[in-house]
Student: 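Take a look at this one; I'll ask things after.
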Amino acid sequence: MIFKFNLFRSALIIVSTLLVSCGGQSESTGVAGEAMQAQQTYEWKLVTTWPKNFPGLGEAPEKFADLVEEMSNGRMRIRVYGAGEIVPALEVFDAVSAGTSEMGHSAAYYWKGKAPEAQFFGAVPFGLNAEEMESWISFGGGQALWEEVYEPFNILPMLGGNTGVQMGGWFNKEINSLQDFQGLTMRIPGLGGEVIQRIGGVPVNLAAGDIYTSLQTGVIDATEFVGPLNDLALGFYDVADYYYFPGWHEAGSLQEFLFNKELFEALPRDLQVIMRTAASAVSAAMADEFRVQNSNALSTLINEHGVELREFPADLAAELYDVSQDIIDELGQSSEIGQRILASYRAFEAQIKDYQDISEEAYIRVRAEQR
Ligand code: CA
């Protein structure tokens with residue numbers, strides 16, 4: 001659908017180019033113009049929310065830039081900047097919106113202050129897992145809604161990877177009931193943070209580079225971040241006692257490539273296709289790589305750093321589930337587009353449930369019983 005739309009738009013651009021050149025110029029000028037455009041080189045900036053070359057998350061945009069440069073034979077060069085190098089971690093969206101950076105790599109829930117509905121495209125507590133989330137975006141109507149949310153900001157989003165199910169977080173006390181969250185200051189962004197707030201905790205949003213010191217100095221009592229790979233890299237095992245699972249609040253967190261929409265659409269058609277293809281390839285690989293790297297990092301955390309794992313008790317999980325459903329429904333009802341996103345999300349959940357129950361979920365349950 002998008003492909004057809006773009007083809008139609010490309011045709012319009014060619015027609016209007018020809019119309020503009022009607023003043024005594026021949027059609028060959030247009031062709032020459034296109035040939036010139038085909039040789040033009042571009043240098044773009046890509047800003048990220050991650051420390052430079054941060055495992056997994058920060059490597060994805062670097063791989064993207066390398067792929068694009070190679071696929072375009074050097075016509076598109078993209079320089080990747082880590083958080084704070086030219087733009088603070090949580091100002092990536094603004095920089096891409098304004099076009100001061102042509103591209104970004106981040107996660108949608110960081111922009112809830114600008115567009116609350118963006119949170120549906122990051123992670124939904126007890127919501128779709130990684131594979132389901134990407135199916136909804138790519139084949140269940142999610143992409144068009146995501147584009148609509150970012151349209152007023154002149155930003156075009158694309159899938160930028162997925163962390164898979166995250167960990168539940170790092171705590172300095174055991175968590176046995178909702179009461180244990182009372183007054184607890186926890187770094188947890190997005191809808192998960194709203195759940196924590198609803199049950200009496202104090203959610204804060206901190207970029208990766210600021211979490212360790214905040215936990216060490218007691219500015220926060222607890223934190224979640226991603227999973228073993230990234231959490232090991234940030235050294236949380238030094239400043240917290242218990243590592244909880246599962247990450248009920250982020251079952252399949254999408255990462256995103258952000259493009260300044262106007263600048264992207266002004267690119268020659270083939271470069272646009274190269275960018276889309278590279279984004280898609282890098283995105284698809286991230287969860288696969290995380291699975292391997294998280295397994296290795298978990299073993300390091302336990303065996304070399306003596307980290308103690310804890311599972312959230314089942315009755316607590318049930319209570320968190322109920323609060324999560326309220327928060328999701330309230331977000332969906334808060335705006336007209338929110339209503340349409342919620343309807344699409346819920347319809348997709350319902351559509352796949354019966355099949356998931358007897359395929360993936362049945363298999364995982366049966367396999368676990370044999371081990
Ligand atoms: Ca997280």
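Order of listing sets the numbers, starting from 1, for every ligand and every atom in it. On a predicted model such as this, the values are computed, not experimentally measured, just so you know.
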Student: Within Ser253, is some N, O or S atom less than 3.0 Å away from the Ca ion (ligand 1)?
Tutor: no
Student: Specify whether an N/O/S atom of Phe225 falls short of 3.0 Å from the Ca ion (ligand 1).
Tutor: yes
Student: Check whether any side-chain heavy atom of Tyr42 lies under 4.5 Å from a side-chain heavy atom of Arg77, and answer yes or no.
Tutor: no
Student: Salt bridge or not between Lys63 and Asp66? Use side-chain N to carboxylate O under 4.0 Å.
Tutor: no
Student: Do Thr163 and Gln166 pair up side chain to side chain, a donor and an acceptor below 3.5 Å, judged on atom types alone?
Tutor: yes
Student: Salt bridge check: are Glu265 and Lys261 linked by an N-O gap of less than 4.0 Å?
Tutor: yes
Student: Can you name the N/O/S atom of Glu250 that is nearest the Ca ion (ligand 1)?
Tutor: OE2
Student: Considering only N, O or S atoms, which atom of Glu224 is nearest to the Ca ion (ligand 1)?
Tutor: OE1
